[in-house]
Protein chains: 2
Amino acid sequence: MADVNVSALSVSPKAGAKNDDSQGDEGIPAVELIELLFFAYRDFVGDADEHLERLGFGRAHHRVVHFVSRHPGMRVADLLAVLKITKQSLGRVLRELVDNGYVLQRAGDSDRRERLLYVTPKGEELARQLVALQTRRFARAFNECGPGARLEARKFLASMIDSESREEVEGLIARANAKKK
Amino acid sequence: MADVNVSALSVSPKAGAKNDDSQGDEGIPAVELIELLFFAYRDFVGDADEHLERLGFGRAHHRVVHFVSRHPGMRVADLLAVLKITKQSLGRVLRELVDNGYVLQRAGDSDRRERLLYVTPKGEELARQLVALQTRRFARAFNECGPGARLEARKFLASMIDSESREEVEGLIARANAKKK
DNA sequence: GAAAATAAGTCAATATGGCTGACGTAAACG
DNA sequence: CGTTTACGTCAGCCATATTGACTTATTTTC
């Protein structure tokens, strides 16, 4: 990273702050959290990026395979709603995944206009590998942070989501867990 | 988000898991955390995206203004190292920011090949506004999570960063804090 | 002092992943 | 039968990233 003048390497929360509220140093400036989240997310998606690159896929493919794997039989419209992208953007990515045998589409039973989405075994395996990579990162992190951190992180992450979409996301996760048992 | 068949809306950590370790439900599957991080980050950057859009800027501009504001006088090479992008990618973005009076460049004192980067008052104000937006999101989150969460989140986020880059990032943050005092 | 290395900028071509608008087709709804 | 819905697709645009090659200015090295 080059050395932009190395000094003040005191890693602990904050050195010369006027924050001295008895128990815990809660005076961590938000700008630190902003930067840490930026770098953490970059490395987090980096795990998958490497793997995907070898297959000629990108992040867009990742998201599709992931959510289709978690919600087998979901409709194209549902996927669009989750990803919040346009039909046209999804189109190319979905076509590539179908062409390469990672995803398949079947007309809906009750409504044959619907193209229900499923991952093939190949797609399921890809999704599994990608989850495994990122799971490893979480495992390492919680291993360092000690017990309780996992639950705390879950609460924290959920709280960072827009309050308007939080319930939708929690519902989505709950339904996926229910399906896959 | 459409209704992909609403059922099993049990939001609590995990319903039918075999995880019954006395005290805490630490059995939160990593896939939940993966998805929560995805949605949390999307909303997190969304805050800034809206604001930037009105100025005709994108995320790339955000990152540049942010880091230059935090590290006044940093060299172009340093910025490239932090952002891990190429000189060519940075080029356009930097030019636009300079042309619009958000960033200025000055030749280095000791080495006049260097173009040291500084934000103008206008750039500083933009950086401040963007930090304020994201700070608000963190504040809301910790308000919900209760005391201690801030410190926990800081540890968690730092632990999510690649171990090889963690020290660099911590050093970067420490140096920025030291500078701005 | 000449040669080499370094910091930065730039040109050109390319890829990815978004976007809008317009239009088509099949199926369901009423 | 006409309208709406679900999906797909064509065409074009934009932002952000990439690689490779080259220039300029300056510092360092021999």
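Bear in mind the structure is a predicted one, so any value in this text is a computation, not a measurement. Throughout, protein chains are lettered first and strands after them, A, B, ... in sequence-line order, and every chain is numbered starting at 1.
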Nearest-angstrom distance from the residue atom CG of Leu117(A) to C1' of dG8(D) | 13 Å
In whole Å, what is the span from the CZ atom of Arg106(A) to the C1' atom of dA27(C)?
-> 18 Å
Lys87(B) or Gln88(A), whichever maps to the more 5' nucleotide of DNA chain D | Gln88(A)
Candidate nucleotides dG17(C), dC7(D), dA17(D), ranked by approach to the side chain of His61(A) - the nearest = dG17(C)
Of Arg92(A) and Arg95(B), the one whose closest nucleotide on DNA chain C sits nearer the 5' end is Arg95(B)
Kindly say if Arg113(B) contacts the phosphate of dT27(D), meaning a side-chain N or O under 4.0 Å from OP1 or OP2.
-> no
Rounded interatomic separation in angstrom, taking CZ from Arg115(B) and P from dT24(D) = 14 Å
Are any non-hydrogen side-chain atoms of Leu117(A) and Val64(A) less than 4.5 angstrom apart?
-> no
With under 30° as parallel and over 60° as perpendicular, where do the rings of Tyr102(A) and Phe57(A) fit, or are they tilted in between?
-> perpendicular
Taking for each residue the nucleotide of DNA chain C with the nearest heavy atom, is it Gly91(B) or Ser89(A) whose nucleotide lies nearer the 5' end?
-> Gly91(B)
If you look at every strand shown and take non-hydrogen atoms under 4.0 Å, does Gln105(A) touch a base, only sugar-phosphate, or nothing?
-> sugar-phosphate
Should Glu125(A) and Arg128(A) count as an ion pair when the cut-off is N to O under 4.0 Å?
-> yes
Out of dA7(C), dT18(D), dC7(D), which nucleotide sits closest to the side chain of Val76(A)?
-> dC7(D)
Mind calculating the distance between CZ (Arg75(B)) and P (dT27(D)) to the nearest angstrom?
-> 14 Å
Give a yes/no answer on whether the side chain of Arg59(A) brings an N or O atom under 4.0 Å of OP1 or OP2 in dT16(C).
-> no
Spacing between Asp99(B) atom CG and dT10(C) atom C1', to the nearest angstrom = 14 Å
Under 6.0 Å from the CZ atom of Arg140(A), do we count more than 12 heavy atoms belonging to anything else shown?
-> yes
Here the distance between atom P of dA17(D) and atom CD of Glu96(B), to the nearest Å, is 12 Å
Spacing of Leu55(B) atom CG relative to dA15(D) atom P, expressed in whole Å | 14 Å
Distance, rounded to the nearest Å, where Glu114(A) contributes CD and dA28(C) contributes P | 9 Å
State whether the number of non-hydrogen atoms from other residues, nucleotides or ligands found under 6.0 Å of Asp109(A) atom CG is greater than 12.
-> no
